[in-house]
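Below, read A as the first sequence line, B as the second, and so on, with proteins coming before strands; counting in each chain starts at 1.
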2 protein chains.
Amino acid sequence: MKDILKNINKAFENKVRLGVMSALMVNEYVSFNELKELLNVTDGNLASHLKGLEKEEYIVVYKEFVDRKPNTKYAATSVGKEAFKKHIEALEKLIGGK
Amino acid sequence: MKDILKNINKAFENKVRLGVMSALMVNEYVSFNELKELLNVTDGNLASHLKGLEKEEYIVVYKEFVDRKPNTKYAATSVGKEAFKKHIEALEKLIGGK
DNA sequence: TTCATTTACTTTGTATTTCAAAGTGAATAA
DNA sequence: TTATTCACTTTGAAATACAAAGTAAATGAA
């Protein structure tokens, strides 16, 4: 069990970050506003979690203008996807009894 | 996704509490020392997480003497088991794409 | 041109959480 | 009597999470 627990990634323990990552596993790009709506969080809160994931290089940012409005979208890096998969696998093992 | 996220239980977000609960899902009783060894945590840390789970009534304590030594063991309540299952289901749904 | 609005933040400050380390009381062991 | 073990509790520091308010850059409306 110790070995399983050590694959539980602190960066993904939080609900918001879990939500961000799973959104980015399913959709290649998700915008700031979509995430905000999806996760029901404030701008500041979301921004800080995104920054945390960015710092770990689990996600990357793309900034552009869409319909003449600034638009920031995020994508999971391959490192991020791998790390998230490991985390999920650890959870599954833990749950699946030992 | 909002509805899934709201089933993510804050009480189980932490690694130690995740470990405690999954140990108690598989084994009816687990002692303080077994948990400590299993989870690789200090007494104080473990005690505080156990107390948190106890406060939520997700686990119960049994105190007795075994081989003339004090022994404290823990078990998940049915409420705790249900809550943990819900949490796990939410995680699975989240991961299983949306 | 000026003012308002939107986006995507940053900053600030507070509250909560987490954790290790040290201390404690009750019991047994030497 | 002193030491040791168990299962904590207390203390305190550090990290985390969060809302609220503030901000810059761009567009839109008057």
### Message
Quick check on C/dT18: is either OP1 or OP2 less than 4.0 Å from any side-chain nitrogen or oxygen of B/Arg17?
### Response
yes

Picking from C/dT10, C/dT7, D/dT5, the nucleotide nearest the side-chain atoms of B/Lys69 would be D/dT5

Practice problem: Look at the side-chain N and O atoms of B/His49 and state whether any lies under 4.0 Å from the OP1 or OP2 oxygen of C/dT17. | Solution: no

- prompt: Given C/dT7, is OP1 or OP2 found less than 4.0 Å from the side-chain N or O atoms of A/Asn71?
  reply: no

Whole-Å distance, A/Leu39 CG to D/dA19 P, equals 12 Å

To the nearest angstrom, the OH-P distance between B/Tyr62 and D/dC8 comes to 14 Å

Rounding to 0.5 Å, atoms OG (A/Ser22) and CG (A/Leu39) come to a distance of 8.0 Å

*asked:* Is the phosphate of D/dA15 approached by A/Lys10 (side-chain N or O, under 4.0 Å from OP1 or OP2)?
replied: no

note: B/Ile59, atom CD1; D/dA7, atom P; distance rounded to Å ~ 14 Å

Review point. If two hydrophobic side chains count as joined below 4.5 Å and joins carry through other members, does B/Leu50 share a cluster with B/Tyr29?
Key: no

The answer to which of A/Gly44 and A/Phe65 contacts DNA chain D further toward the 5' end, by nearest nucleotide, is A/Gly44

Atom NZ of B/Lys73 and atom P of D/dA7 are separated, to the nearest Å, by 12 Å

Regarding the side chain of A/Tyr74, the nearest nucleotide among C/dT6, C/dC9, D/dC8 is C/dC9

B/Asp67 atom CG is separated from C/dA29 atom P, nearest whole Å, by 9 Å

Whole-Å distance, A/Glu13 CD to C/dT16 C1', equals 15 Å

Between D/dT9 and B/Lys51, is there an OP1 or OP2 to side-chain N/O distance shorter than 4.0 Å?
yes

Exercise. Do any side-chain nitrogens or oxygens of B/Asn14 fall under 4.0 Å of OP1 or OP2 in C/dT17?
Worked result: no

In this structure, NE2 of A/His87 is separated from CG of A/Asn7 (nearest 0.5 Å) by 10.5 Å

Taking OP1 and OP2 of D/dC8, is either one under 4.0 Å from a side-chain nitrogen or oxygen of B/Thr72? yes

Separation between CE (B/Met21) and CD1 (B/Ile88), nearest 0.5 Å, reads 9.0 Å

Rounded to whole Å, the CG-P distance (A/Leu18 to D/dT16) equals 16 Å

### Query
Is any side-chain nitrogen or oxygen of A/Lys63 closer than 4.0 Å to OP1 or OP2 of C/dC9?
yes

Are there over 12 heavy-atom neighbours, none belonging to B/Glu28, within less than 6.0 Å of that residue's CD? no

**Request:** Tell me whether the OP1 or OP2 atom of C/dA20 has a side-chain N or O from B/Thr42 closer than 4.0 Å.
**Result:** yes

Reckon A/Asn45 has a side-chain N or O less than 4.0 Å from the OP1 or OP2 of D/dA17?
no

note: B/Lys15, atom NZ; D/dT16, atom P; distance rounded to Å ~ 13 Å

Note to self: Keeping A/Glu57 on the side-chain end and A/Thr77 on the backbone end, is there a donor-acceptor pair under 3.5 Å?
What the structure shows: no

Taking D/dC18, D/dA7, C/dC19 as options, the one with an atom nearest any side-chain atom of B/Phe32 is D/dA7

